[in-house]
Amino acid sequence: MELLKSLYWRHATKKMNGAVVPESQVNQIIKAAIMAPTSSGLQPFEMILVKNKAFKERIYNEAAQQTQILDCSHLLIFAAWDQYTEARLDSVFDNMEAIRELPKGTMDDFKNSILLNFAPWDLERQFQHAARQAYIAFGMAIAAAAELKVDATPMEGFDNAILDELLGLREKGLRSVTLLPLGYRDEEHDWLAPLKKVRFPIEKMLNVIE
Ligand SMILES: Cc1cc2nc3c(=O)[nH]c(=O)nc-3n(C[C@H](O)[C@H](O)[C@H](O)COP(=O)(O)O)c2cc1C
């Protein structure tokens, strides 16, 4: 299976070499993230693609000065909805009705049942739910990058509140979740590259009920 081979190949790259990933491949990685399944098909997140050097430098300072942010070709940021609103759910189901050529209002009952489900949740719980959906897309992007032999470093090591401010995310009803620098490993200086992958054996990870 090619995907599995790619997953063995990839690692959380610790040093990148500054080479540029073709835009067509960055687009494929982003499209894979968009194809992630999400709860009720809500897609409650957005991505921000940073190419700008000065911007990367500002983010680098808020991300424990992790050099991959400076040396990556593209920095993909995942940001989740800060809450579920009726307008947002309308955007989801209007889109579904349009694409599936359904009469307007077909999805209303489903939308209302979801709204009812979310109603008792405080804003933090709503955001955490949305963030979990963003993580699925994040994983898809990591796998897609590996398929293309593009290196990536999944990152949570940054100051979310400052990044939100830097990118003006709160004004857009978004909160940052993860960073994904995309680029190419610096073979000589990437200390993780030569190390063996560390994973528990399948017997420890998998419980089978027969
Ligand atoms: C959600 C998440 C957050 C992570 N944050 C960072 C980070 O901030 N910096 C970093 O260098 N690696 C980070 N990592 C990489 C992990 O340490 C790495 O994936 C793990 O040790 C397994 O190694 P591998 O990805 O090379 O197989 C993160 C990974 C995930 C999934």
Side-chain angles (χ1 to χ4, degrees), residues 1-19 21 29-30 32-39 44-50 55-81 124 127-167 169 174-206:
M1 184 188 176
E2 285 308 312
L3 177 60
L4 207 45
K5 280 189 209 156
S6 301
L7 295 178
Y8 285 120
W9 170 84
R10 68 150 293 281
H11 69 286
T13 307
K14 299 298 176 189
K15 184 87 181 102
M16 292 187 173
N17 65 10
V21 180
I29 293 166
I30 291 167
I34 292 172
M35 291 314 293
T38 53
S39 175
F45 67 91
E46 294 184 21
M47 290 166 278
I48 298 106
L49 187 64
V50 182
F55 234 99
K56 282 188 204 162
E57 276 165 15
R58 288 162 75 184
I59 295 170
Y60 161 79
N61 285 317
E62 307 309 333
Q65 302 195 326
Q66 300 192 67
T67 60
Q68 304 93 316
I69 292 177
L70 297 179
D71 300 331
C72 70
S73 156
H74 296 70
L75 176 64
L76 191 57
I77 301 173
F78 290 77
W81 291 358
E124 184 58 26
F127 164 69
Q128 291 298 341
H129 182 271
R132 284 200 293 279
Q133 316 314 310
Y135 273 99
I136 300 169
F138 179 58
M140 290 282 188
I142 294 165
E147 274 275 296
L148 294 166
K149 296 287 180 286
V150 170
D151 281 302
T153 317
M155 281 188 185
E156 270 180 338
F158 64 96
D159 187 315
N160 298 66
I162 295 180
L163 190 72
D164 290 356
E165 203 171 314
L166 210 67
L167 298 171
L169 292 181
L174 297 169
R175 290 170 62 184
S176 56
V177 177
T178 52
L179 307 180
L180 191 64
L182 299 167
Y184 298 102
R185 65 189 71 176
D186 175 340
E187 294 278 3
E188 207 185 324
H189 299 108
D190 181 356
W191 59 265
L192 192 54
L195 300 188
K196 276 190 175 170
K197 271 234 168 289
V198 178
R199 294 294 190 269
F200 287 129
I202 192 165
E203 301 75 31
K204 181 168 166 58
M205 298 294 289
L206 178 71

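Starting from 1, each residue takes its place in the sequence as its number. Each ligand, and each atom within it, is numbered from 1 in the order the structure gives.
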>> I need the contact type for Val198 against ligand 1. Using non-hydrogen atoms and a strict under-4.0 Å cut-off, is it side chain, backbone, both or neither?
In response: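 For Val198, there is no contact with ligand 1 at all, from either part.
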> Where on Arg199 is there a heavy atom closer than 4.0 Å to ligand 1, on the side chain, on the backbone, on both, or on neither?
Replying inline: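 Under 4.0 Å from ligand 1, Arg199 contributes side-chain atoms alone.
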>> According to side-chain contact (heavy atoms from CB on, under 4.5 Å), who are the partners of Ala63, at least two apart in sequence or on a separate chain?
In response: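 If we apply the side-chain contact (heavy atoms from CB on, under 4.5 Å) test to Ala63, skipping adjacent residues, the hits are Ile69, Phe158, Leu179.
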> Is there a protein heavy atom less than 4.0 Å away from atom 21 (O) of ligand 1?
Replying inline: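 Within 4.0 Å of atom 21 (O) of ligand 1, no protein heavy atoms are found.
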>> In the complex you have, is atom 5 (N) of ligand 1 within reach of the protein, judged by whether a heavy-atom distance drops under 4.0 Å?
In response: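 It does; a protein heavy atom is within 4.0 Å.
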> Hey, what do you get for OG1 (Thr67) to NE2 (His189), rounding to the nearest 0.5 Å?
Replying inline: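 Separation between the atoms: 10.5 Å.
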N or O pair under 3.5 Å between [X] and ligand 1:
X: Lys197; value: yes
X: His11; value: no
X: Phe138; value: no

Below 4.0 angstrom from a heavy atom of [X], which ligand 1 atoms are there? Numbered from 1 as shown, please.
X: Gln68; value: 11 (O)
X: Leu192; value: 26 (O)
X: Arg10; value: 24 (P), 25 (O), 27 (O)

>> Do Glu147 and Ser6 pair up side chain to side chain, a donor and an acceptor below 3.5 Å, judged on atom types alone?
In response: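 Side chains of Glu147 and Ser6: pair found under 3.5 Å.
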> Gln65 and Asn61: side-chain donor and acceptor closer than 3.5 Å?
Replying inline: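 There is such a pair between these side chains.
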[atom]: which protein heavy atom is closest, and how many Å away?
atom: atom 15 (C) of ligand 1; value: Ala12 CB, 3.6 Å
atom: atom 31 (C) of ligand 1; value: Pro154 CB, 4.1 Å
atom: atom 9 (N) of ligand 1; value: Gln66 OE1, 2.7 Å
atom: atom 1 (C) of ligand 1; value: Glu156 CD, 3.5 Å
atom: atom 11 (O) of ligand 1; value: Lys14 NZ, 2.6 Å
atom: atom 8 (O) of ligand 1; value: Gly157 N, 3.0 Å

> Should the pair Glu124-Arg175 be classified as a salt bridge under the 4.0 Å nitrogen-to-oxygen rule?
Replying inline: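 Judged by the 4.0 Å cut-off on N to carboxylate O distance, Glu124 and Arg175 do form a salt bridge.
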>> Any atom of ligand 1 sitting under 4.0 Å from a heavy atom of Thr178?
In response: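 Not so, Thr178 does not reach ligand 1.
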>> Here's a test for you: under side-chain contact (heavy atoms from CB on, under 4.5 Å), which of Leu163, Leu180, Leu174 qualifies with Ile77?
In response: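 Output: one option passes, namely Leu163.
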> Who passes side chain to side chain donor-acceptor pair (under 3.5 Å) against Thr13, sequence neighbours left out?
Replying inline: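 Scan of Thr13 (side chain to side chain donor-acceptor pair (under 3.5 Å), adjacent residues dropped) gives Asp151.
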Closest heavy-atom pair and its distance - [X], [Y]:
X: Ala145; Y: Ala152; answer: CB-CB, 4.3 Å
X: Arg185; Y: Arg10; answer: NH2-CA, 4.4 Å
X: Pro37; Y: Met140; answer: CD-CE, 3.6 Å

> Under the 6.0 Å and 45° cation-pi test, does Lys149 pair with Trp9?
Replying inline: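 Yes, Lys149 and Trp9 form such a contact.
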